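First the structure, in the form of structure tokens, and then the observations on it.
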Amino acid sequence: MEQQGFTLWLTGLSCSGKTTISQIVSNELRARGLKIEVLDGDVVRTNLSKGLGFSKEDRDLNILRVGFVAKLLTRNGVATIVAAISPYRLVRDQVRLDIGNFVEVFVKCPIEVCIDRDVKGLYKKALAGEIKNYTGIDDPYEEPTAPEVVVETNIETPQQSAAIVIKALEHLGYIKPQGRSLTTEVYSVEEEEAVKKRLEDLGYL
Ligand code: ADX
């Protein structure tokens, strides 16, 4: 059977864990033999969206461009993973409609934890007023109202969050269920229980 394309869209604050989860998920899907492309905000902004800033207009334009590419890939059977803050609900819903096979993942993490992580030191600059319009500081983030998946990266390990995403894709019928994950199968009994509990909460078990 030919692979069905879909777009897995990870939205969430900066430092919430979108890139980390997208890497684990893409490795797992690749290991299962799927064709994969990852469109990561940080990378896209160095080429496809080079020159765009962080006003609402520029962010929406960025998301529409990424959405357009994701649509082309999706209709050609590629498992497409997008990792972008995508803070505005309306444009996220617009690309959802346009793409069709769309799985929205809310990568949820309290802003305090994101500030604590501050991988690139940009929150520090934003809090010092050196960067303006930083998402979560002085710029909005509109949480999804009906995402297909929610992962909580302040209480789950990246492996657990990735496992929840994979299970959701299986549940939604985009990928074939597989007894054992090839790359996410590294957690303990306690972690396995936590994943199971989350999937039950999501209504997937
Ligand atoms: S989006 O809002 O248009 O979806 P995107 O995911 O592409 O954002 O880019 C976010 C990345 O840009 C962050 O990871 C961060 O490194 C960097 N960045 C620079 N300025 C800002 C800002 N004002 N707000 C958010 N992220 C910023």
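We count ligands from 1, going down the list as the structure has it; atoms in each ligand are counted the same way. Computed from a predicted model, the values in this text were never measured in an experiment.
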For this session: Note the single closest protein heavy atom to atom 24 (N) of ligand 1, along with its residue, its atom name and the distance in Å.
Result: R59 NH2, 3.0 Å
Exercise. Do N101 and T74 have side-chain atoms, one donor and one acceptor, less than 3.5 Å apart?
Worked result: no
For this session: Compute whether any side-chain donor of one residue and acceptor of the other, for E37 and T80, lie under 3.5 angstrom apart.
Result: no
Exercise. So, is the end of the K56 side chain (NZ or CZ) under 6.0 Å from the ring centre of Y88 and within 45° of the ring's axis?
Worked result: yes
Problem set entry | For atom 25 (C) of ligand 1, closest protein heavy-atom neighbour | T135 OG1, 3.5 Å
Exercise. Does the side chain of S16 come under 3.5 Å of the side chain of R117 through a donor N or O and an acceptor N or O?
Worked result: no
For this session: Write out the residue and atom name of the closest protein heavy atom to atom 4 (O) of ligand 1, then the distance separating them to 0.1 Å.
Result: S86 N, 2.8 Å
For this session: Under 4.0 Å from a heavy atom of K132: give me the atoms of ligand 1 that qualify, with their elements.
Result: 23 (N)
Problem set entry | Approximate separation, where rounding is to 0.5 Å, of F102 CZ and T7 OG1 | 7.0 Å
Problem set entry | Residue part near ligand 1, for D42, under 4.0 Å between non-hydrogen atoms | side chain
For this session: Could you list which atoms of ligand 1 come closer than 4.0 Å to a heavy atom of K120?
Result: 13 (C), 14 (O), 15 (C), 16 (O)
Problem set entry | Test: D118 and K124 ion pair at under 4.0 Å | no
Exercise. Is there a heavy atom in K18 that sits closer than 4.0 Å to ligand 1?
Worked result: no
Exercise. Which residue and non-hydrogen atom of the protein lie closest to atom 22 (C) of ligand 1, and at what distance in Å?
Worked result: Y134 CD1, 3.3 Å
Problem set entry | Those atoms of ligand 1 less than 4.0 Å from some heavy atom in N133 | 22 (C), 23 (N), 24 (N)
Exercise. Can you tell me if D139 has a non-hydrogen atom under 4.0 Å from ligand 1?
Worked result: no
For this session: Please name the pair of heavy atoms, one in D139 and one in R59, separated by the smallest distance, quoted to 0.1 Å.
Result: OD2-NH2, 3.1 Å
For this session: Kindly compute the distance separating CD (Q23) from CD1 (I21), expressed to the nearest 0.5 Å.
Result: 10.5 Å
For this session: List every atom of ligand 1 that sits less than 4.0 Å from any heavy atom of I63, numbering the atoms from 1 in the order shown and giving each element.
Result: 4 (O)
For this session: Grab the two heavy atoms, one from C15 and one from V119, that are nearest each other, plus how far apart they are.
Result: SG-N, 3.5 Å
For this session: Establish, yes or no, whether the cationic atom of R89 lies under 6.0 Å from the six-membered ring centre of Y141 and within 45° of the ring axis.
Result: no
Exercise. Got the closest protein heavy atom to atom 6 (O) of ligand 1, with its distance?
Worked result: I85 N, 2.9 Å
Seminar exercise, completed: Nearest non-hydrogen protein atom to atom 20 (N) of ligand 1, with distance, is F54 CE1, 3.3 Å
For this session: Answer with side chain, backbone, both or neither: which part of A84 has a heavy atom less than 4.0 angstrom from an atom of ligand 1?
Result: both
For this session: Would you mind checking which non-hydrogen protein atom is closest to atom 9 (O) of ligand 1, with the distance to 0.1 Å?
Result: R45 NE, 3.4 Å
